[in-house]
Trainee: 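Quick one: structure below, then a few questions.
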Amino acid sequence: MLDEPAMSDTPHLLLVDDERSIREPLAQYLTRQGFRVTQAGDAASARTRLAAYAIDLAIVDIMMPGEDGLSLCRHIAATSDTPVILLTAKAEETDRIVGLEMGADDYVVKPFSPRELATRVKVILRRASAGGVRQHAPESGSYAFAGWVLKSGERALVDREGVSVPLSTGEFNLLLALVTRPRQVLTRDQLLDLTQGREAAAFDRAIDNQVSRLRRKIEHDPKSPEIIKTVWGGGYTLAAEVARL
Amino acid sequence: MKGWPRSLGGQLALLLALALFLAQAINFTLLLRERQSLRLEQITGPAATRVIDAIERTAQGRGPVGDRGRVRRLAANPIPATMFAEPQVASSLRGALAEAGIHVGRIATGRRPLRATDPMIRGYRGQAAQRMASKTDELVIAVEQPGHGWLVQRLPWSNDSGWIVWRLIAQTLILYGVVLLPVLWLGRRISRPLRQLTQAAERFGPGEDGEPVPVRGPHDVAATIAAFNALRLRVTAMLAEKDRMLGALAHDLRTPLAALRVRIESVEDETDRARMIDTITEMNRTLDDILSLARLGRSSEPLTETDLAALVDAVVEDFRDLGNDVSFDEAARLPFRLRPGLMRRAVRNLIENAVKYGHSATVQLVPDARSVAIVVTDRGPGIPPERLDDVFEAFTRLETSRNRDTGGIGLGLALARAIVRDAGGNITLANRAEGGLAATITLPR
């Protein structure tokens, strides 16, 4: 297995996938992106490496012969604080939810963009080092705020009458970023960073545009917003109590 | 046919009832005729004897008195024309007399109701006499003996035709009770399990593992039900196998695609890299569409009350975010019960086609009282009218009239239509007078 020379400030990733055709080029790519990557071809060798190294983040394929990725993910979540990103070949909703319930922090669906994966790794690592406290599975579950419920599993907003209001990908990502950080001021750059998960090209203006679209959907009076407020010179903030459901 | 029962039991019962009634009617006609000829014999026999006796007495010069007054000799025919004649009796009597070698003149008959007080009813009192009187008529027979006046006698004439009708009705009802009730019961025993079987067959959706239909009823029906249950198990197993196969297929195709996608990142040329990424994305989309099409109807996505206007708006926004020219006038809230993920896919596929072939799309949401239409129009070349239906067939693409752009087999429309039909609606395509194509999703409210 390929081990880069240890450096204390280089994040150490464990990449678990039984497919060499994916694992090896991906490891090379991530190494080029400045990570230290340890590879494992199955759950058993992954467990050995988890015990041997101080792993900062594990990337785990779900479909593996023998012990599968979900089981390994549960093991990691139960025994350590190491964040997990799942690789899944199925885009099915249920798999996503199950994965997040197993303690995964994020998931990417094959075929994924290595850039996107690297971005997500960075976001999760930054969150882990900045907050100290691990924010578990930000995408799972539902959030209630100002009479609305944001259901992340279904990517939809549910109003007081129980009617589901579908959101565009951009709107959803933006609202999720705001709802998971209530009463924090988020700059456009931060919002871009947080919502860029999917490969959509986004600009400063796009954030403003999406904010105004969201306001039209959720604000009582979009002209004087009460929920998503603009902070002059800063960015946006969600000015509402959020309850995790 | 109106009034004709449609159920097996009803048809059996009605047919049997008609057949039984016909048989009864024939039976009773025969019985009635037999009774009538018997009555005729019972009347004409004694009547002829008396007439012969009276004529012999007259010839011997004794006079008819010895016959206890039953046969009287009168000068003229005493029967008024108002009395009901029985010509059969007359002709039968004439025949009997002729056989005995006696030739008479005219024979007149007359019938009238008998009163309870009539001396002819002997030995009965009160009600019994009444009843007897109501069942019996008095028949007067006058036989002309040329040159000697008329020989007149009175006889009881049992008048029980009413009784025979009642007997017919009572017998028929008893028969109905005895025969039809078991037939109805048998019909129910056959039709109830058959009905359950029909319902189960209609309800049988690919995804569901419903309870097997209880095997009951007569052997033939029970065997049919058992065969259906077995068939259902086989179909379910085959569908599960198909799903498993498709899942494995998708996994086996996605893995090399994923490997390729990772390796593409090391391609130096940016244009090449972008094209490769596009191709892989497209292949993956096609894979998704194939899987969705194959799994439609057994979707795990629940029906959700969803704002259709927001759904269309969200799909349009996703296209705009990717830099496509798609316009949509925001519409009023329109709650609808549907599977939002699949409906998004259907709308997305229509808009995608419009963008691909018409370079831009205009989306409109047109609600009316009974349905809602989502109309996607483009300014592309349209479709030749004779091929409008073909494009819905999976894997069809009109190479001749529509320019070929990035990959994609004509799966999008097939999937969109399958999704919309699954939701109870339909998709229609039409060329617009001002050029371009209009694709319309119609959903019933």
Trainee: Quick check: are there more than 12 heavy atoms from other residues, nucleotides or ligands sitting under 6.0 Å from CZ of Arg445(B)?
Mentor: yes
Trainee: For the atom pair OG (Ser168(A)) and CZ (Arg320(B)), what is the distance rounded to the nearest 0.5 Å?
Mentor: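 Reported value, rounded in 0.5 Å steps: 10.0 Å.
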Trainee: Check whether Asp318(B) gets within reach of chain A through its side chain, its backbone, both or neither, counting any heavy atom under 4.5 Å.
Mentor: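 Interface part for Asp318(B): both.
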Trainee: Can you tell which part of Tyr29(A) gets under 4.5 Å to a heavy atom of chain B, answering side chain, backbone, both or neither?
Mentor: side chain
Trainee: With only heavy atoms counted, which part of Asp159(A) is less than 4.5 Å from chain B, the side chain, the backbone, both or neither?
Mentor: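 It is the side chain, since no backbone atom gets that close.
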Trainee: Determine whether more than 12 heavy atoms belonging to other residues, nucleotides or ligands lie under 6.0 Å from atom CG of Asp368(B).
Mentor: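 Counting other residues, nucleotides and ligands, CG of Asp368(B) exceeds 12 neighbours.
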Trainee: Any chance you could lay out the side-chain contact (heavy atoms from CB on, under 4.5 Å) test for Ser266(B) and Arg32(A), step after step, and finish with the verdict?
Mentor: CA-CA 10 Å; Ser266(B) 55; Arg32(A) 282 205 300 277; 3.9 Å; yes
Trainee: Between the side chains of Glu330(B) and Arg216(A), is the shortest nitrogen-to-carboxylate-oxygen separation below 4.0 Å, so that they form an ion pair?
Mentor: yes
Trainee: Tell me, yes or no, whether the heavy-atom count around Arg275(B) atom CZ, taken from other residues, nucleotides or ligands under 6.0 Å, exceeds 12.
Mentor: no
Trainee: Counting C-beta onward and ignoring hydrogens, is there a side-chain heavy-atom pair between Thr255(B) and Ile22(A) closer than 4.5 Å?
Mentor: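 They are in contact (side-chain heavy atoms under 4.5 Å apart), so the answer is yes.
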Trainee: Please report the shortest heavy-atom distance between Val163(A) and Asp307(B), naming the atom on each side.
Mentor: CG1-N, 3.5 Å
Trainee: Between CG of Leu338(B) and OG of Ser164(A), what distance do you get to the nearest 0.5 Å?
Mentor: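 Taking CG in Leu338(B) and OG in Ser164(A), the distance rounds to 9.0 Å.
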Trainee: Just wondering, are more than 12 heavy atoms of other shown residues or ligands nearer than 6.0 Å to CD in Glu270(B)?
Mentor: no
Trainee: Between Phe112(A) and Val262(B), is there a side-chain heavy-atom distance shorter than 4.5 Å?
Mentor: yes
Trainee: Atom CD of Glu171(A) and atom CD of Glu317(B): how far apart are they, to the nearest 0.5 Å?
Mentor: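 Separation between the atoms: 5.5 Å.
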Trainee: Checking Arg337(B) against chain A: side chain, backbone, both or neither under 4.5 Å from a heavy atom?
Mentor: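 Answer is neither: Arg337(B) stays 4.5 Å or more from chain A.
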Trainee: Should Thr306(B) and Pro166(A) count as side-chain neighbours, where that means a heavy-atom distance under 4.5 Å?
Mentor: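 Heavy-atom side-chain distance check passes, below 4.5 Å.
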Trainee: Should Gln210(A) and Asp321(B) be marked as a side-chain contact (heavy atoms from CB on, under 4.5 Å) after you check the CA-CA gap, both sets of side-chain angles, and the distance that decides it?
Mentor: CA-CA 10 Å; Gln210(A) 273 159 2; Asp321(B) 279 349; 3.1 Å; yes
Trainee: Given side chains that start at C-beta, do those of Arg254(B) and Pro111(A) come closer than 4.5 Å, heavy atoms only?
Mentor: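 When only atoms from C-beta onward are counted, Pro111(A) and Arg254(B) do touch, with a gap below 4.5 Å.
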Trainee: Answer yes or no: is there an ion pair linking Arg333(B) with Glu161(A), defined by an N-O contact shorter than 4.0 Å?
Mentor: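 Salt bridge: yes.
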Trainee: Given side chains that start at C-beta, do those of Lys217(A) and Asp313(B) come closer than 4.5 Å, heavy atoms only?
Mentor: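 Lys217(A) vs Asp313(B): side chains touch.
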Trainee: Measuring from atom CG of Leu26(A) to atom CZ of Arg261(B), what distance do you get when rounded to the nearest 0.5 angstrom?
Mentor: 11.0 Å
Trainee: When rounded to the nearest 0.5 angstrom, what distance separates CZ in Arg263(B) from CD in Gln28(A)?
Mentor: 7.0 Å
